[in-house]
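Here's the structure we're looking at; comments come further down.
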Amino acid sequence: MDGAGPIAGYQAITVTPYSPTIGAEIGNVDLTKPLSDNELSEIRRAFTDHLVLFFRGQELDFEDHARFGEYFGTLGQHVGVKTNSQTTNDPRVRKFHADGQTPRVSGNVWHTDQSCAPMPPMASILYLHTIPPNGGGDTGFASMYAAYDALSDNMKAYLEGLTALHDGTLQFGEGTPKAVHPIVVKHPESGRKLLYVNEAFTSHINEVSREESKAILEFLYEHQKRPEWSIRFRWQPHSIAFWDNRCAHHRAISDYLPNVRSGFRVQVEGTEAPVAP
Ligand code: SIN
C-alpha cells in the first residue's frame, strides 16, 4: 500500500493506517498459527482504533479462519440466504463466491451486516483466495463515527432519541428478522457515538412521518458514504478484511463479472444490541 508507514505504539505487530478515519493494514503476524497474548491484545487495540483491519498473504484453511474469528467471540450463522453465498462442510464458514453465473453479487450496497437482527453480528472476517485477474472487486468501508462527528449540532440533537426499523426482508426475503435500533448509538468498547442506519436494511424512522423519514434517511445515506470517511480496499489473493459491524459500513463493488472472485467468510456474534448513548 502507499502512504505513511507503520505507526508507533505496537511491539508485536505492525499497524499501518489506510486513512485517518478508517482502516489499517496489520503486518508481522501469521494467522495460520495461534496468536500470542501480545499479538492478540494489539490486534484488539488496532481493531477498536481503526474499525477494519487488513492482512495480506495469509493462506487460511477453515480451521485457521475459524480460530482467528473465535478469538473475538462465538461464530454465528447468517440470518438470510444470499444468492452467491454457499454453505461449506464447516458450519462456521460460508463460501463467498461470484462469477459469470452469479445473478446478484452479495453486499453491493452500503450496509452493516444483518442490522435487521435484534443482536447483529459484531464482526465479519472475509478471506479471498481468488481475485479477478484484471482488477476490480474492491470493498468499500466507511466510518460511522466520522460520519456522525461531521453532522451539525442541530442534526445531532434531532437524531438523538429517534429509532429506525431495520427490515431483513428488504435484502433476503420473507422469514428474515426485523429489529428496531436507535439512530445514534454508542459503541460498547470505544464509547464513541456513531450513526446506525444503512440503506440496505433501514426501512424508516419510527417517530416521524414517512415523508420526513424518507428525506432524512436519503440525506444520511449520502452523508455516510462521503469520501472523507470512506476507503476502497484493493484485494490480493489471500488477503483478509476483518471489520467491526458496530461502527463501519462496507459494500462490495461488483465491477469484475464474469471473472471469478472467491473466498470464505465467518461472522462473530454480537453480545449486545446497539444502545443509545
Ligand atoms: C459483504 O460482506 O457484504 C461483501 C463484501 C465483499 O464481498 O467485498
Side-chain angles (χ1 to χ4, degrees), residues 1-10 12-29 31 42-58 72 107-113 115 122-128 131 135-152 155-156 184-187 189-200 219-256 261 263 265:
M1 64 188 281
D2 300 327
I7 54 176
Y10 290 88
I13 61 172
T14 61
V15 177
T16 305
Y18 223 77
S19 81
T21 53
I22 184 165
E25 190 165 316
I26 305 301
N28 202 30
V29 67
L31 299 183
E42 290 192 357
I43 289 172
R44 285 188 199 286
R45 177 152 56 92
F47 187 61
T48 303
D49 289 350
H50 299 280
L51 293 60
V52 51
L53 304 183
F54 306 116
F55 300 82
R56 301 284 192 190
Q58 309 280 338
F72 305 95
N108 65 344
V109 57
W110 284 102
H111 66 287
T112 182
D113 288 327
S115 64
M122 185 274 267
S124 303
I125 305 171
L126 179 62
Y127 161 69
L128 294 185
I131 300 304
D138 294 354
T139 306
F141 292 94
S143 167
M144 292 305 105
Y145 293 135
Y148 173 80
D149 290 345
L151 293 171
S152 69
M155 180 56 86
K156 288 176 182 165
V184 178
V185 308
K186 187 171 115 174
H187 192 282
E189 277 151 35
S190 70
R192 291 179 66 186
K193 290 183 185 180
L194 63 116
L195 266 180
Y196 199 78
V197 289
N198 68 85
E199 62 184 302
F219 162 73
L220 291 176
Y221 297 154
E222 284 307 308
H223 178 77
Q224 286 172 314
K225 60 182 122 170
R226 280 178 59 161
E228 288 84 351
W229 40 83
S230 60
I231 56 170
R232 234 175 123 129
F233 177 61
R234 175 160 278 213
W235 293 87
Q236 294 164 359
H238 310 292
S239 299
I240 294 168
F242 169 32
W243 61 85
D244 188 339
N245 281 308
R246 299 167 298 183
C247 54
H249 279 190
H250 63 282
R251 68 158 292 175
I253 299 171
S254 58
D255 55 357
Y256 54 88
R261 180 180 187 267
R265 197 176 96 165

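Since the structure is predicted, the reported quantities are computational estimates derived from the model, not experimental observations.
Between the side chain of Thr112 and the backbone N or O of Asn245 there is at least one donor-acceptor pair closer than 3.5 Å. Panel note: side chain Trp243, backbone Leu51; no donor-acceptor pair is recorded below 3.5 Å. A donor-acceptor pair under 3.5 Å links the side-chain atoms of Gln58 to the main chain of Val29, judged by distance alone. Checking side-chain atoms of Lys156 against main-chain N and O of Ala150 turns up no donor-acceptor pair under 3.5 Å. In terms of modelled atom types and a separation under 3.5 Å, the side chain of Arg232 and the main chain of Asp138 share no donor-acceptor contact. A distance-only check finds a donor-acceptor pair linking the side chain of Trp229 to the backbone of His223 [under 3.5 Å].
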* Go through His111 and His249 one step at a time and tell me if the side-chain hydrogen bond (donor to acceptor under 3.5 Å, both in side chains) criterion holds. => CA-CA 5 Å; His111 66 287; His249 279 190; over 6 Å; no
* To do: Show your reasoning for whether side chain to side chain contact (heavy atoms under 4.5 Å, CB included) applies to Trp110 and Tyr221.
  => CA-CA 9 Å; Trp110 284 102; Tyr221 297 154; over 6 Å; no
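Listed by chain and residue number, Tyr148, Glu160, Val184, Pro277 satisfy the side chain to side chain contact (heavy atoms under 4.5 Å, CB included) test with Lys193 (two or more places apart in sequence, or in another chain). With sequence neighbours left out, Ser254 forms a side chain to side chain contact (heavy atoms under 4.5 Å, CB included) with Val105, Asn108.
Nearest approach of Ala147 to Gln224, heavy atoms of both residues: CB-CA, 4.2 Å.
Ion pairing of Glu189 with Arg44 is absent here, as no side-chain N (NZ or NE/NH1/NH2) approaches a carboxylate O to less than 4.0 Å.
Judged purely by distance below 3.5 Å, without hydrogens or angles, the side chains of His250 and Asp113 pair a donor atom with an acceptor atom.
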